[in-house]
2 protein chains.
Amino acid sequence: MSAGELRGRKPRADVQRNRAALLETAQRHFLEHGVGTSLEAVAKEAGVGPATLYRHFPTREALLAAVLQTRSEELVARQADIEQLGDPAEALEQWLRAMEEYFSAFSGLPDPLMAAARAQEPDNPLTIPCDILISATDQYVRAAQLAGRVRASVRGHDLFLAACSVAWIKGTGTEEEPLDRLRTLIASGYRQQDTQA
Amino acid sequence: MSAGELRGRKPRADVQRNRAALLETAQRHFLEHGVGTSLEAVAKEAGVGPATLYRHFPTREALLAAVLQTRSEELVARQADIEQLGDPAEALEQWLRAMEEYFSAFSGLPDPLMAAARAQEPDNPLTIPCDILISATDQYVRAAQLAGRVRASVRGHDLFLAACSVAWIKGTGTEEEPLDRLRTLIASGYRQQDTQA
DNA sequence: ATCAAAACGGATGCTGCCTCCGTATGCATC
DNA sequence: GATGCATACGGAGGCAGCATCCGTTTTGAT
């Protein structure tokens, strides 16, 4: 009775219910209208007043972070898949692709993401997820570097930025073909050319 | 009396005056608060009513395009400098840098720029400037390719996107050091390695 | 000086943000 | 079940920005 003792009382049922409804509705609205969607509309469609939304999620970023949390399961699932393959270069490539898709889930998502990655505001709920992703990227980079497949000068943070960029461009509505050209350009930038001389 | 005949009447003095005041104020506000700055505030500080602003510049993009127009002189001046140097690879590099600085003049500028570059909306006043810049980039790319300094697979449009990306990241407030690392990464991506085998 | 066209700008309606505070709800206790 | 109290709810409201309408003023031409 250590953890339960603190609260002392069972949490109310409507809290959980409203939170779930808000998250579900918010995700749909983010998907359809981007991260700038009207929070008032989200609240209304979730069947709660605006104040309830703000009580649960004080800022847009907080709501965004909570929605992303539920979506991140997909990402860790991918990570499991990726770690199956033996080739570290291939693993890095797929990881970058997975991050990019994660970042472009909602149009406009890269902006608050970058803001969180940059600043050392511990109160920004997106900061921690960002730091985790950067670290993870660095792991993949190091593994590929040990195998001599990635330039030594490259860091995980660099490729995090690159993935963010591509996701940003994608979010502006660019076609898939120029996007793929850009991905190729970036890949040429970090790959170690085979020293087969 | 061919061109003057069309208008038939001398343009009013206040029109010119207001337009100039608006452009000047708008540029300052864009510089200080980014492209999302309040147009109402711009109008008020320029000493005109909101309607006058909207009459001169029907949309935010129109105002932005007009302000950029005045700033583009700097860019063409740079172009002249760049064409002095004989090395086409160096020229491309400097041109990309010039574009990037142009794009990061105002925070948030890359977004409307990308929107204009993507869509074939002829009414978007930013479309034409974008197309010009892409073509110019392509020129530099081709020249450098002829000299064997840039991979054959690279196109001007790719590097336009890359420059936009870097400018976007810059606009989110990222430090200069990670930015420079990203630039290096991209440069490694388009440069042709010397085939000195 | 007069006139008509052209431009101006205040007022206005709208949407979205965020907060305050009176009210309702749900859990614990009896 | 009924009661009491903490907790959560939500409508109302203040604020800021956008974009437009329309009565008024300015301006150039005659």
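Labels below follow one simple rule: chain letters A, B, ... track the order of the sequence lines, proteins then strands, and each chain is numbered from 1.
Atom CD of A:Glu32 sits in a crowded spot, with more than 12 heavy atoms from other residues, nucleotides or ligands closer than 6.0 Å.
Counting to the nearest Å, the P atom of C:dA5 and the CZ atom of B:Arg9 are 8 Å from each other. Counting to the nearest Å, the P atom of D:dT7 and the NZ atom of A:Lys10 are 16 Å from each other. Following rounding to the nearest Å, A:Leu63 (CG) and C:dC18 (P) show an atom-to-atom distance of 11 Å. Counting to the nearest Å, the C1' atom of D:dT7 and the CD atom of A:Gln16 are 15 Å from each other. Atom NE2 in A:His33 sits roughly 15 Å away from atom P in C:dT15 (whole-Å rounding). Separating the CD atom of B:Glu45 from the P atom of D:dG17 is a distance of 13 Å, rounded to the nearest angstrom. As a whole-Å value, the separation of B:Glu40 CD from C:dG10 P is 11 Å. Rounded to whole Å, atom P of C:dT19 lies 16 Å from atom CZ of A:Phe57.
Map A:Ala51 and B:Asp14 each onto its nearest nucleotide of DNA chain C; the residue landing nearer the 5' end is B:Asp14. Both B:Arg12 and A:Arg12 lie close to DNA chain D; mapped to their nearest nucleotides by heavy-atom distance, the more 5′-ward contact belongs to A:Arg12.
Contact record, B:Arg151 with B:Ser188: NH2-O, 3.5 Å, taken as the closest heavy-atom pair.
A distance-only check finds no donor-acceptor pair linking the side chain of B:Arg71 to the backbone of B:Tyr102 [under 3.5 Å].
Between B:Trp168 and A:Trp168, the two ring planes are parallel [angle under 30°; tilted spans 30° to 60°]. Under the 30°/60° scheme for interplanar angles, the aromatic rings of B:Phe106 and B:Phe30 are found to be tilted.
Residue B:Arg19 is out of contact with every strand shown, counting any heavy-atom pair closer than 4.0 Å. Within 4.0 Å of B:Ala13, counting heavy atoms only, lie sugar-phosphate atoms of the nucleic acid but no base atom. Here B:Gly47 lies in heavy-atom contact (under 4.0 Å) with sugar-phosphate atoms only. Looking at heavy-atom distances under 4.0 Å, A:Thr37 makes contact with sugar-phosphate atoms alone, never a base.
Relative to the side chain of A:Pro50, the nucleotides D:dT20, D:dG11, C:dC17 differ in distance, and D:dG11 lies closest. Residue B:Leu39 has its side chain nearest to D:dC18 when only D:dC18, C:dC18, D:dA8 are considered. Among the nucleotides D:dT20, C:dC18, D:dG10, the one closest to any side-chain atom of A:Val48 is D:dG10. Checking C:dA7, D:dT27, D:dC9 against the side-chain heavy atoms of B:Arg17 singles out D:dT27 as nearest. Side-chain proximity of B:Tyr54 to D:dA6, C:dT19, D:dA19: nearest is D:dA19.
Among A:Glu73, A:Glu101, A:Glu83, the one residue that satisfies the side-chain hydrogen bond (donor to acceptor under 3.5 Å, both in side chains) test with A:Arg78 is A:Glu101.
Between the side chain of B:Arg55 and the base of C:dG9 there is at least one donor-acceptor pair of N/O atoms closer than 3.5 Å.
Note on B:Ser38: every side-chain N or O is 4.0 Å or more away from OP1 and OP2 of D:dA16. Put simply, A:His56 has no side-chain N or O that comes within less than 4.0 Å of OP1 or OP2 on D:dA8. Regarding contacts with the backbone of C:dC17, a side-chain N or O of A:Arg60 is found under 4.0 angstrom from either OP1 or OP2. Remark: B:Asn18 is in phosphate contact with C:dC8, judged by side-chain N or O atoms under 4.0 Å from OP1 or OP2. Put simply, A:Thr52 has no side-chain N or O that comes within less than 4.0 Å of OP1 or OP2 on D:dA8.
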